[in-house]
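To start, the structure under review is shown below, and the notes come after it.
We're numbering straight along the sequence, starting at 1.
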Amino acid sequence: MSFISIFLIALALSMDAFSVAIAIGAAGSKLNYYAVLRLATAFGLFQFVMPILGWLLGKTVVSYIADYDHWIAFGLLTIVG
């Protein structure tokens with residue numbers, strides 16, 4: 001993976017965490033040190049684990065769906081769009 005790819009993934013993940021932090025701060029609830037630490041740990045853990053799990057899953061199923069992966073992408077983009 002190139003440096004640019006890693007940097008863009010890190011930037012996307014940081015924007016996700018930043019938007020949730022802004023939303024929690026804007027909600028106006030008073031958070032103690034434990035709640036902030038728990039939230040930061042949960043975000044850090046999931047943002048560390050999810051790309052690794054996605055990579056492992058992709059490496060595992062590539063041999064099964066390589067012939068029709070373009071149709072899966074088309075279907076997913078159709079549903080999202």
| query | Can you list the residues that meet the side chain to side chain donor-acceptor pair (under 3.5 Å) rule with Ser5, with sequence neighbours excluded? | reply | Ser2
| field | Residue list, side chain to side chain donor-acceptor pair (under 3.5 Å) with Thr60, at least two apart or on another chain | value | none
| request: Hey, can you tell me if Phe74 and Trp71 have their rings parallel, tilted or perpendicular (30° and 60° cut-offs)? | output: perpendicular
Donor-acceptor contacts under 3.5 Å from residues 8-21 side chains, at least two apart:
from: Ser14; atom 1: OG; to: Ala10; atom 2: O; distance (Å): 3.3
from: Ser14; atom 1: OG; to: Leu11; atom 2: O; distance (Å): 2.8
from: Asp16; atom 1: OD2; to: Gln47; atom 2: NE2; distance (Å): 3.4
from: Ser19; atom 1: OG; to: Met15; atom 2: O; distance (Å): 3.3
from: Ser19; atom 1: OG; to: Asp16; atom 2: O; distance (Å): 2.8

| Ile22 reachable from Leu39 in the ILVMFWY side-chain graph, under 4.5 Å edges | no
| message | Are Leu76 and Leu57 connected into the same hydrophobic cluster when the rule is that any two of I, L, V, M, F, W, Y join if their side-chain heavy atoms are below 4.5 Å apart? | response | yes
| task | Rounded to the nearest 0.5 Å, what's the gap from CE on Met50 to CG on Leu45? Could you check? | result | 8.5 Å
| said: Is there a path of hydrophobic side-chain contacts, each under 4.5 Å between heavy atoms, that joins Val49 and Ile52? | reply: yes
| Same apolar cluster (I L V M F W Y, side chains within < 4.5 Å links), Val62/Trp55 | no
